[in-house]
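Numbering starts at 1 and runs along the sequence shown. Values below: every heavy atom of this structure, side chains too, minus hydrogens, waters and symmetry copies.
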Amino acid sequence: SYYAVNFTNRPIETSAMSLPYRILPLSSPKFNTRKLPKILSSALASSSIAMGMIGLLSIPAQAADLMYDSTYLNYTLPKTVTETCYSRKDYTCPEITIKYAKSSQDWINNIINNRINQLLPELQTGYEAESKNKPKRMSESDVKKLLDNFAKSQLKDIDEGSSLNYHFEVEPNYLGHVGSVELFEITSYVYLGGAHGVGYAEYLMFDMDSKQQITLKDVLNSGQQTKFKALAYTEYKDWVKQSDNDVKTFEQNWPFVMTDNAALTDKGITLTYQPYEIAPYAYGMPKLTVPYAKLKGIVKPKYLPQSNK
């Protein structure tokens with residue numbers, strides 16, 4: 001959750017549930033400049049700067065017991081890689097960007113950041129988002145060795161005259177909270193040559209009452225998985241109809257499968273699928289949302305909005 005400072009002092013129309021922002025005009029009595037770094041607080045005290053800046057500034061705000069930020073891994077390419085890149089005409093160095101969670105809750109950071117390390121490229125076996133070969137916990141040194149191998153592999157795999165370059169990035173994103181559940185999404189992108197790269201997105205949910213990571217299974221009442229799957233399948237067919245009237249043929253080529261990549265949202269439980277999982281690459285990452293209105297008795301009351309209990 002974030003405070004967004006409106007330097008125009010004009011109201012901004014937005015949905016509080018669709019964006020993790022609280023929009024406050026600069027003159028709002030609820031806005032406390034002490035939440036800004038000291039240098040910016042001083043700047044805001046100057047009317048000339050306040051009147052001259054137009055737009056939104058996002059800064060962390062407290063949501064339940066969570067203050068969120070992120071940090072980059074301090075990583076540089078091996079010298080042998082950069083020297084080779086610069087010596088070849090029209091040859092681009094590999095691009096690698098790793099971000100980690102840095103919130104006020106260390107236990108959440110540990111879970112998210114360990115998961116990020118599990119998503120790092122492993123060229124010995126090809127890139128797999130769900131690699132089983134990495135240890136559950138990796139030191140920073142281990143991470144950098146893995147990235148070094150990824151970078152060095154480009155020198156062997158991509159010809160000197162090519163302008164292509166390997167690319168890998170991964171970062172956590174804070175989505176906000178629904179009730180006592182804090183929501184995150186890890187997104188990554190890897191390019192190893194070819195027509196296009198591959199994106200990946202994974203939800204993580206944390207129950208702040210129990211101080212535990214939870215999954216779709218934890219949210220559903222016991223024995224209700226089959227009913228939830230049936231509702232998700234209905235959403236799948238409705239989603240297909242938005243682009244293809246022949247649902248039967250589409251499903252033959254891209255059959256529905258259940259996923260546990262789920263998150264609570266303001267509208268219901270949203271399932272996100274990876275590219276190629278239930279649709280062609282051009283469809284991106286399909287999202288299916290089962291509305292709360294259909295989930296009474298299926299989802300535990302704790303995770304339902306008050307109006308749907």
Side-chain angles (χ1 to χ4, degrees), residues 1-2 14-21 63-64 66 68 101 108 111-112 115 119 129-130 171-189 199-208 212-221 224-243 247 250-251 254-309:
S1 184
Y2 294 85
T14 185
S15 169
M17 292 301 293
S18 63
L19 288 174
Y21 295 99
L66 183 77
Y68 181 70
I108 290 180
I111 293 173
I112 293 175
R115 182 57 186 146
L119 299 177
E130 296 292 339
E171 66 174 332
N173 300 285
Y174 177 51
L175 303 181
H177 65 280
V178 174
S180 64
V181 179
E182 297 289 358
L183 307 168
F184 290 81
E185 183 181 41
I186 296 175
T187 58
S188 70
Y189 175 83
Y200 178 82
E202 177 180 322
Y203 292 126
L204 293 92
M205 299 188 290
F206 301 96
D207 190 321
M208 299 300 287
Q212 296 287 329
Q213 181 181 4
I214 61 173
T215 64
L216 177 62
K217 182 179 178 181
D218 300 312
V219 170
L220 301 179
N221 281 315
Q224 296 300 310
Q225 288 85 351
T226 300
K227 290 183 179 179
F228 182 84
K229 182 178 180 180
L231 292 172
Y233 177 54
T234 298
E235 296 301 324
Y236 161 80
K237 290 186 290 185
D238 290 343
W239 174 79
V240 172
K241 291 175 184 177
Q242 295 176 18
S243 59
V247 176
F250 186 96
E251 186 175 4
W254 300 95
F256 171 78
V257 294
M258 191 57 195
T259 180
D260 59 359
N261 190 27
L264 302 171
T265 70
D266 59 311
K267 297 179 175 62
I269 295 181
T270 295
L271 308 176
T272 293
Y273 289 83
Q274 312 307 330
Y276 297 117
E277 198 168 4
I278 60 170
Y281 179 83
Y283 283 72
M285 297 182 184
K287 294 181 183 293
L288 309 177
T289 298
V290 180
Y292 287 122
K294 298 180 180 180
L295 292 175
K296 187 175 182 180
I298 296 176
V299 169
K300 294 175 181 177
K302 173 181 180 179
Y303 301 115
L304 286 173
Q306 194 65 36
S307 59
N308 294 104
K309 292 181 179 181

- prompt: For the residue pair L271 and L216, what are the closest heavy atoms and their distance?
  reply: CD2-CD2, 4.4 Å
query: Do V247 and K241 come close enough that some side-chain heavy atom pair is under 4.5 Å?
result: yes
message: List the residues meeting side-chain contact (heavy atoms from CB on, under 4.5 Å) with P275, not counting sequence neighbours, and say none if there are none.
response: Y281, M285
message: If we count only N and O atoms by modelled type, under 3.5 Å, do the side chains of Y303 and D218 hold a donor and an acceptor together?
response: no
- request: Locate the shortest heavy-atom distance separating I112 from P172; write the atom from each residue and the value.
  value: CG2-CB, 3.8 Å
- prompt: Going through the distances and angles, do E202 and E185 end up as a side-chain contact (heavy atoms from CB on, under 4.5 Å)?
  reply: CA-CA 5 Å; E202 177 180 322; E185 183 181 41; over 6 Å; no
query: Quick one: does T187's side chain get under 4.5 Å of E171's, heavy atoms only?
result: yes
Heavy atoms of other groups near K300 NZ, more than 12 under 6.0 Å: yes
query: Taking atom types as modelled and ignoring hydrogens, do the side chains of Y68 and E182 form a donor-acceptor contact shorter than 3.5 angstrom?
result: no
query: Any chance the rings of F184 and F206 have centres within less than 6.0 Å?
result: yes
task: Could you walk me through whether L204 and Q213 pass side-chain contact (heavy atoms from CB on, under 4.5 Å), step by step?
output: CA-CA 7 Å; L204 293 92; Q213 181 181 4; 3.7 Å; yes
- prompt: Does the side-chain contact (heavy atoms from CB on, under 4.5 Å) test come out yes or no for T215 and M205, once each step is laid out?
  reply: CA-CA 7 Å; T215 64; M205 299 188 290; 5.5 Å; no
field: Minimum heavy-atom distance Y273-M258, with the two atoms named
entry: OH-CA, 4.0 Å
statement: Nearest heavy-atom contact between K294 and L231 is O-CD1, 3.6 Å
- prompt: Do W254 and Y236 have ring centres separated by under 6.0 Å?
  reply: no
field: Between Y276 and Q274: side-chain donor-acceptor atoms closer than 3.5 Å
entry: no
- prompt: If we only count heavy atoms from C-beta on, is the V257 to I278 side-chain gap below 4.5 Å?
  reply: yes
field: Spatial distance of atom CG (L264) from atom OG (S180) [nearest 0.5 Å]
entry: 9.0 Å
Between CD1 on residue I298 and CD on residue Q225, distance to nearest 0.5 Å: 10.5 Å
- prompt: Would you say the side chains of T272 and Y203 form a donor-acceptor pair under 3.5 Å?
  reply: yes
- prompt: If you take all heavy atoms of N261 and A201, which pair is closest and at what distance?
  reply: ND2-O, 3.0 Å
statement: Note: W239 and A279 closest approach over all heavy atoms is CH2-CB, 3.6 Å
query: Taking atom types as modelled and ignoring hydrogens, do the side chains of K287 and T270 form a donor-acceptor contact shorter than 3.5 angstrom?
result: no
message: Between T289 and P291 (side chain of the first, backbone of the second, donor and acceptor by atom type, cut-off under 3.5 Å), is there such a pair?
response: no
message: Would you say that I269 contacts V219 through its side chain, given a criterion of any heavy-atom pair below 4.5 Å between the two side chains?
response: yes
- request: For residues F250 and P280, determine if any side-chain heavy atom of one lies less than 4.5 Å from a side-chain heavy atom of the other.
  value: yes
task: Taking the side chain as every heavy atom from C-beta outward, state whether Y200 and I186 have any atom pair closer than 4.5 Å.
output: no
- prompt: Taking only residues two or more places apart in sequence, or in another chain, which ones meet Q212 in a side-chain contact (heavy atoms from CB on, under 4.5 Å)?
  reply: S210
- prompt: When rounded to the nearest 0.5 angstrom, what distance separates CG in L288 from CZ in F256?
  reply: 6.5 Å
- request: Taking the side chain as every heavy atom from C-beta outward, state whether D266 and V178 have any atom pair closer than 4.5 Å.
  value: no
Donor on one side chain, acceptor on other, Y233 and E251, under 3.5 Å: yes
